[in-house]
Amino acid sequence: TCPSGYRVANLYYSGAIAPKVVCELNPEFTITTTRMGAGTEFAFDISAAGTYTIDWDDGTEATTYTATIPGKIEHKFASAGVHTIRIVGNATSYTSNTPAITFQGNTYVAGLGGSLGAIFGGVAQPYMFQNTFRSCSNLKKVSDTLFAGITGAADYMFYNTFTSCTSLEYIPETLFSDVDGAARYMFSNTFLGCTSLKDIPANLFSGVSGAANYMFDATFRSCIGLTSVPSTLFSGVTGVAPYMFRNTFASCSGIKSIP
């Protein structure tokens with residue numbers, strides 16, 4: 001069997017030995033909403049070209065969108081309650097200097113499941129997830145495979161991704177596990193203003209190496225709920241660059257010492 005968020009891609013047989021299961025990311029991303037009334041409008045933007053099928057979990061038929069230019073997707077829910085929106089698809093190309101997908105300011109977003117990396121995966125792109133969940137103030141849960149499948153590094157990737165997600169308490173340790181290398185402004189402001197955040201996983205940035213201008217600038221700024229910093233958090237980072245680590249933990253009033 002495959003772990004959560006993955007599906008069987010192939011089976012390899014060798015004589016009487018039990019087959020070897022090869023798993024791949026399931027190209028599905030889910031959003032769990034807050035409780036909402038019938039007729040409530042939910043909106044987000046996709047700028048990456050591709051075909052996407054969206055099940056709104058409200059009794060209406062799933063909708064298929066073919067995106068060729070950046071556009072807003074909107075839906076009015078036919079029924080009240082908590083909904084699990086499912087997005088399936090594959091991006092084929094990206095718009096320069098624009099995030100692939102963004103729910104910025106959407107206060108109905110409460111939980112994230114599955115993998116954006118399986119839909120918008122492959123080699124990292126500049127601005128890929130800039131502002132993606134910025135100011136989603138009711139976001140509490142993030143999937144540990146959310147960005148799985150995205151490799152490499154790119155300028156402004158994860159810039160402001162979770163800024164002002166004031167209900168977010170925990171970060172999965174494997175959230176950025178496939179990301180490697182260094183790039184300008186990467187992880188800048190990523191969790192800025194996440195005032196409910198309680199701790200930071202020790203290996204959160206385990207694949208990051210090298211140095212780049214403004215990398216980790218204000219990453220955890222104003223995360224007033226933090227009380228400690230893991231000693232291995234930046235253990236793979238080597239070298240220095242202008243403004244790197246500037247304000248990384250600024251205004252984190254609960255942290256009393258840095259390892």
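Remember, predicted model here, so these are calculated numbers, not experimental data.
- In this structure, the side chains of L139 and F133 come closer than 4.5 Å at one or more pairs of heavy atoms.
- Ring-plane geometry between F216 and F205 is classed as perpendicular, the angle between the planes exceeding 60 degrees on a 0 to 90 degree scale with a lower cut at 30.
- Between L146 and F29, some side-chain heavy-atom pair lies under the 4.5 Å cut-off.
- In this structure, OH in Y243 is found 4.5 Å from OH in Y214, a value given to the nearest 0.5 Å.
- Y94 pairs by the side chain to side chain contact (heavy atoms under 4.5 Å, CB included) definition with A48, A91, A100, F120, Q125, M128, not counting sequence neighbours.
- In the hydrophobic cluster analysis, where Ile, Leu, Val, Met, Phe, Trp and Tyr join through side-chain heavy atoms closer than 4.5 angstrom, I150 is grouped apart from Y127.
- Side-chain N or O atoms of T190 include none that pairs as donor or acceptor with a backbone N or O of T161 at under 3.5 Å.
- C136 places a side-chain heavy atom less than 4.5 Å from the side chain of F103.
- The ring pair (Phe, Tyr, Trp, His ring centres under 6.0 Å) test with F187 is passed by exactly one of F245, F234, F129, F176: F176.
- Between atom NZ of residue K140 and atom OG1 of residue T34 there is a gap of 10.0 Å, rounded to the nearest 0.5 Å.
- Distance alone, capped at 3.5 Å, is enough to place a donor-acceptor pair between the T163 side chain and the N189 backbone.
- K198 pairs by the side chain to side chain contact (heavy atoms under 4.5 Å, CB included) definition with E169, Y170, not counting sequence neighbours.
- The closest donor-acceptor contact from the side chain of T30 to the backbone of T84 lies at 3.5 Å or more, if one exists at all.
- Between the CZ atom of R134 and the OG atom of S164 there is a distance of 6.5 Å, given to the nearest 0.5 Å.
- Panel note: side chain T98, backbone S96; a donor-acceptor pair is recorded below 3.5 Å.
- For T66 (side chain) and T51 (main-chain N/O), no donor-acceptor pair under 3.5 Å exists by modelled atom type.
- Residue L204 is grouped with residue M186 when hydrophobic side chains (ILVMFWY) are merged at heavy-atom distances under 4.5 angstrom, including chains of intermediate members.
- Judged by distance alone, with hydrogens and angles left aside, the side-chain atoms of T195 form no donor-acceptor pair with the main-chain N or O of I224 at under 3.5 Å.
- For the pair T232 (side chain) and A202 (backbone), a donor-acceptor distance under 3.5 Å is present.
- Between V208 and D180 the shortest side-chain heavy-atom distance does not fall below 4.5 Å.
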Under the ring-ring contact (aromatic ring centres under 6.0 Å, His included) criterion, do Y65 and Y52 qualify, and how do the steps go? CA-CA 5 Å; Y65 297 87; Y52 311 96; 8.5 Å; no
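- Within the 4.5 Å cutoff, side-chain heavy atoms of V82 are placed close to those of T32.
- For the residue pair Q130/N160, the side-chain donor-acceptor check at 3.5 Å is not satisfied.
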Run T102 and T132 through side-chain hydrogen bond (donor to acceptor under 3.5 Å, both in side chains) and show every step you take. CA-CA 4 Å; T102 177; T132 297; 5.3 Å; no
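- Y108 and F42 have tilted rings, their planes meeting at an angle from 30° to 60° on a 0 to 90° scale.
- More than 12 heavy atoms of other shown residues, nucleotides or ligands fall within 6.0 angstrom of atom CD in E41.
- By the rule that hydrophobic residues join a cluster once side-chain heavy atoms approach within less than 4.5 Å of another member, F162 and Y156 end up as members of separate clusters.
- Taking 4.0 Å as the cut-off between side-chain N and carboxylate O, R86 and D55 do not count as a salt-bridged pair.
- Remark: the backbone N or O of R184 is not paired with any side-chain donor or acceptor of N213 at under 3.5 angstrom.
- Within the 4.5 Å cutoff, side-chain heavy atoms of M36 are placed close to those of F77.
- Clustering ILVMFWY residues whenever any of their side-chain heavy atoms sit less than 4.5 angstrom apart, transitively, puts V179 in the very cluster that holds L112.
- Summarising the geometry, atom CZ belonging to R246 is positioned 4.5 Å from atom CG belonging to D217; distances are rounded to the nearest 0.5 Å.
- Side-chain contact annotation: T248 with T219, donor-acceptor N/O pair under 3.5 Å absent.
- Ring geometry for W56 versus F44: interplanar angle of 30 to 60°, hence tilted.
- L197 has its side chain within reach of L226: a pair of non-hydrogen atoms, C-beta onward, lies under 4.5 Å apart.
- Residues L175 and S143 come closest through the heavy atom pair CD1-O, 3.7 Å.
- Criterion: ILVMFWY side-chain heavy atoms under 4.5 Å apart, direct or through other members. Under it, F249 and I171 are part of a common hydrophobic cluster.
- Between F158 and F147, the angle of the ring planes goes over 60°, which puts this pair in the perpendicular group of the 30/60° scheme.
- Annotation: the span from R35 atom CZ to T40 atom OG1 amounts to 12.0 Å, rounded to 0.5 Å.
- I54 places a side-chain heavy atom less than 4.5 Å from the side chain of I73.
- Looking at N138, its side chain does come within 3.5 Å of a backbone N or O of T107 through a donor-acceptor pair.
- Here the side chain of T95 pairs a donor or acceptor atom with the backbone of S47 at under 3.5 angstrom.
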